[in-house]
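Read the structure below first, then the notes.
The structure displayed is predicted, hence computed values, not measured ones. Scope of the values below: all heavy atoms of this structure, side chains included, with no hydrogens, waters or symmetry mates. Convention: sequence-line order gives letters A, B, ...; per-chain numbering from 1.
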Amino acid sequence: MTAPILIWLRRDLRLADHPALAAAAAEGPVVLAFCLDEQGGRPFGGASRWWLHQSLAQLGGVTLALGRSEQEIPRLALACGARAVYWNQSADPVLRTVEDRVQAALTVPCRIFPGDTLFAPGSVRSKSGGQFQVFTAFWRAALALPPPARPLPAPAALHVAPCPGLELNALGLMPKLEWWRSMASAWRPGEAGATTLLGAFLDGPVQAYHRQRDRPDHDATSRLSPHLAFGEISPRQIWHAAQAVPPDDGVRTFLKELGWREFSRHLLANHPTLPQVPLRREFAAFPWRDDPAALRQWQMGRTGYPIVDAGMRQLWATGWMHNRVRMVVASFLIKDLLIPWQAGEEWFWDTLVDADSASNAASWQWVAGSGADAAPFFRIFNPVTQGEKFDPDGSYVRNWVPELAHLSTAVIHQPWKLGRVPGYPPPMIDHAAARTRALAAFKGLRGAPEQPRFL
DNA sequence: TGAGTGTTAGT
DNA sequence: CTAACACTC
């Protein structure tokens, strides 16, 4: 009996489309290993831990070698007598340093395979060989490359060897409080759930995607993001499934969103500090405010702006927020409250079931105006206008902010017009004044224009 | 993948 | 009077 190969699953629970699983399966028995608690030193957020538990539990019948941190991979390999270790390379340079340490500590050979992108980080380059700074140029260049490879079929047989490890339930991934019940009713973690969602989406909604995707009150998006984040479905599967649908604006727009994911990963690969440090250096000098009480109001969905509060409560309840609303709440935190985007990035990391370092960091920097191809800082979302435009009859707000459910459509996005609504806070800040303040703060960045000089 | 404001051509 | 546009932040 040959010794098994240990496959480090990292975050890709199913190793969807990755050659590591296929290669190892062809070579004999395998041990599947998964490490919890850390992603390159950053603990999983609470929502992600819940998702992980559900997903791992569904690998029913498959025994996993479970470790607490990635540093334990060499120990697990030793414990199960593996003759080799395979894994998928990450796009995140911080995780790559973890990989380097793991590799250095291994006493058996290892093979590292490409990560989970359509276009490997670094493969989409401008004519001068550099990182694209503009998304549309990036995506045009990507689409001109040879198309992404077809998804790999699942191994016909996977001989999983027994292994020592921790018991899933002993890992304490499930929270003590039962806040996950509302998440459980919104999602079906696991590969089957992902496949169902993709099929249902490509079967109809995708055709209206370009027109409907900005409507949080409609169920117009695929909701595949958490499945993608945990490798339960791969971008290559999505890409090739979408090729079977007649190409139209809906499909193109949908695939373009995968493009943003790719763009983010390219950016993170080139800028390891993307989650912490503004890409545009001048933002280091921005006059942010330290205001824990205001941050808390935003987190709890009690800002007094209905579209913002609806979004934050949808996030809290389901671990997900509609993309349009993400932009609105992010703009509110950054520009109205002048709270550092990193605080929002951290909250999203904790509460999103689709939390992903690259997409999360790149998107927050996009809103802040400090990223690549970012919204200019003076592009400030008006929460009332955005609400009226994208939730025109107020049903999204009514759904998530029950205190406002009885309001007429005319005032649903500006309830203060009625005076005080019982149970709902007044606006925590006057948007018009906040906008002026943000513009002034931004202007200061451009270096005080030279003082007038008198000759 | 903004919004406020002013201008103007078209009703 | 209004929609479309340009310009600015």
Using the ring pair (Phe, Tyr, Trp, His ring centres under 6.0 Å) rule, collect all pairs that involve residues 401-439 of chain A, keeping only residues at least two apart or in two chains. Tyr305(A)-Trp416(A)
Residues in salt bridge (Lys or Arg N to Asp or Glu O under 4.0 Å) contact with Asp393(A), at least two apart in sequence or another chain: none
Short N/O separations, protein against nucleotides 7-9 of chain C, under 3.5 angstrom:
none

Salt bridge (Lys or Arg N to Asp or Glu O under 4.0 Å) involving Arg420(A) - partner list, sequence neighbours excluded: none
Sequence-distant partners of Ala241(A), side-chain contact (heavy atoms from CB on, under 4.5 Å), two or more places apart: Leu198(A), Leu202(A)
For Arg188(A) and Glu232(A): C-alpha separation, side-chain torsions, deciding distance, then whether salt bridge (charged side-chain N to carboxylate O under 4.0 Å, His left out) applies. CA-CA 11 Å; Arg188(A) 192 148 71 91; Glu232(A) 297 168 358; over 6 Å; no
Counting any heavy atom closer than 4.0 Å, what does Arg213(A) reach on the DNA or RNA strands: base, sugar-phosphate only, or nothing? base
Side-chain donor-acceptor distances from residues 128-153 of chain A under 3.5 Å, at least two apart:
residue, atom, partner, partner atom, Å
Ser128(A), OG, Ser126(A), OG, 3.3
Gln131(A), OE1, Asn270(A), ND2, 2.4
Gln133(A), NE2, Gln131(A), O, 3.3

Using the ring pair (Phe, Tyr, Trp, His ring centres under 6.0 Å) criterion, which residues pair with Trp8(A)? Sequence neighbours excluded. Trp87(A)
Salt bridge (Lys or Arg N to Asp or Glu O under 4.0 Å) partners of Arg11(A), counting only residues at least two apart: none
Min and max contacting nt of DNA chain B in 5' to 3' order, chain A heavy atoms within under 4.0 angstrom, are dT1(B) to dG4(B)
